[in-house]
There are 2 protein chains.
Amino acid sequence: MQHYIELLKVHGLKSTFQRLQILEAIGMCGHKDIDEIYNDVIKTHPTISLATVYKNLIVMNNNGVLFEVSVLGKKSKYEIQKEDHLHLICTNCGTIHDAPLEISFDKIVSVENFELNKKEINLYGTCSNCCELKVS
Amino acid sequence: MQHYIELLKVHGLKSTFQRLQILEAIGMCGHKDIDEIYNDVIKTHPTISLATVYKNLIVMNNNGVLFEVSVLGKKSKYEIQKEDHLHLICTNCGTIHDAPLEISFDKIVSVENFELNKKEINLYGTCSNCCELKVS
DNA sequence: ATATGTGCAAAGGGTTTGCAGATAT
DNA sequence: ATATCTGCAAACCCTTTGCACATAT
């Protein structure tokens with residue numbers, strides 16, 4: 001909680017109850033799309049507006065408080081600012097799992113003279129949980 | 001042209017003039033979003049409907065003829081089926097440049113027991129062209 | 001011959017916007 | 001005190017859908 005207040009302050013955003021609830025909802029499981037966030041937040045704040053969630057995701061994304069993770073064919077999910085990692089996206093159950101990114105793109109970036117700002121490494125497939133279910 | 005007819009046939013889709021034009025438009029520069037494709041195709045086929053372009057992008061994507069490349073904050077672009085590669089996406093001019101993907105994700109995938117089906121590696125930044133323009 | 005594809009127009013639905021009142025600093 | 005944020009409702013507009021006609025195989 002205090003942590004999120006700091007995070008918002010660092011990025012020049014006011015700490016509203018709504019923003020903190022949104023961050024709590026995302027932090028709980030790592031990655032959530034707007035509907036999951038909204039359905040989570042209305043439990044503790046029944047009068048929050050979906051428009052407010054939209055506005056805050058945009059503003060917090062623009063200010064680097066959280067990041068959008070695009071998911072092919074689905075709505076984007078959002079995660080809280082964290083160090084470099086890749087995403088294992090299960091196309092069966094929809095969960096996203098973070099994994100360490102031990103890869104450097106220095107070579108290709110220097111060859112292409114590309115000024116790198118942001119990486120999005122998404123691997124799609126079936127997670128271990130869903131693999132087990134398929135077998136049994 | 002003949003190449004695209006084959007490509008469609010291999011994936012069980014009929015070769016219509018509209019589909020071939022869409023593939024031509026994409027093939028011309030590698031990556032295009034729906035509006036760019038539509039604006040290209042109407043030059044040679046003024047009566048094509050935007051709905052037809054939508055339907056065909058969906059159907060050709062589902063059948064593996066082409067692939068969707070998600071671009072954060074913008075509309076997805078589409079590319080024709082090709083071997084593994086990564087994308088250098090310029091946030092200034094919007095162009096996407098392909099680069100070889102000399103990386104294996106075998107290790108992380110086996111550690112996580114993940115059944116990998118599809119990779120999307122997108123690097124965002126400023127391309128060499130736009131870098132030069134900024135300096136001068 | 002017939003399963004598919006196309007074009008049109010309308011429906012649908014997610015996202016954005018404007019504004020008055022509320023809130024954080 | 002005041003700049004910012006929230007909630008509501010309406011507007012927006014991208015995307016999808018249904019249907020009659022056309023086309024590929």
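Proteins come first, then strands; the chains are lettered A, B, ... in the order of their sequence lines, and each starts at number 1. All of these numbers come straight from a predicted model, not from anything done at the bench.
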Using atom names, set out every protein N or O paired with an N or O of nucleotides 4-6 of chain C below 3.5 Å, distance rounded to 0.1 Å.
unit_1	atom_1	unit_2	atom_2	d
C:dT4	O4'	B:Lys14	NZ	2.8
C:dG5	OP1	B:Arg19	NH1	2.9
C:dG5	OP1	B:Arg19	NH2	2.8
C:dG5	O5'	B:Arg19	NH2	3.3
C:dT6	OP1	B:Thr16	OG1	2.7
C:dT6	OP1	B:Asn56	ND2	3.4
C:dT6	OP2	B:Asn56	OD1	3.1
C:dT6	OP2	B:Asn56	ND2	3.1
C:dT6	O3'	B:Gln18	NE2	2.8

Residue pairs meeting ring pair (Phe, Tyr, Trp, His ring centres under 6.0 Å), one or both in residues 6-35 of chain B, sequence neighbours left out, come to B:Phe17-B:His45, B:His31-B:His87
Donor-acceptor pair, distance only, cut-off 3.5 Å: does the side chain of A:His97 make one with the backbone of A:Thr95? no
- Item | Main-chain N/O of A:Asp35 paired with A:Asp33 side-chain donor or acceptor, under 3.5 Å | yes
Exercise for the section: Please answer whether the main-chain N or O of B:Tyr54 pairs with a side-chain N or O of B:Tyr38 as donor and acceptor at a distance below 3.5 Å. Expected result: no
For A:Asp84, the salt bridge (Lys or Arg N to Asp or Glu O under 4.0 Å) test, sequence neighbours excluded, returns A:Lys119
Residues of residues 65-81 of chain B with a heavy atom under 4.0 Å from any atom of DNA chain C, listed by number, are none
Would you please say whether a donor-acceptor pair under 3.5 Å links the side chains of A:Ser76 and A:Glu68?
yes
- Query: Do we see a donor-acceptor contact under 3.5 Å between the side chains of B:Ser128 and A:Glu112?
  - Reply: no
The residue, B:Leu50 or B:Lys9, whose nearest nucleotide of DNA chain D is more 5′ is B:Leu50
Discussion item. Looking at A:Ser70, is its backbone amide N or carbonyl O close enough to the side chain of B:Ser70 to form a donor-acceptor pair, meaning the two atoms are under 3.5 Å apart?
Written reply: no
request  = Give a yes or no answer on whether the side chain of A:Arg19 reaches the backbone of A:Lys14 with a donor-acceptor pair at less than 3.5 Å.
outcome  = yes
Atom CD of A:Gln21 and atom P of C:dA24 are separated, to the nearest Å, by 13 Å
Exercise. Does a salt bridge link A:Lys32 with A:Asp40, judged by any charged N lying under 4.0 Å from a carboxylate O?
Worked result: yes
Taking C-beta and beyond as the side chain, do A:Ile96 and A:Val71 meet within less than 4.5 Å on heavy atoms? yes
Students should find that the end-to-end axis angle of the helix from C:dA1-D:dT25 to C:dT25-D:dA1, with five pairs defining each axis and rounding to 10 degrees, is 50°
Between A:Asn56 (side chain only) and A:Thr52 (backbone N and O only), is there a donor and an acceptor less than 3.5 Å apart? yes
First and last nt of DNA chain D near chain B, cut-off under 4.0 Å to heavy atoms, 5' to 3', are D:dC14 to D:dT25
Rounded to whole Å, CD1 of A:Ile58 lies from P of C:dG14 at a distance of 16 Å
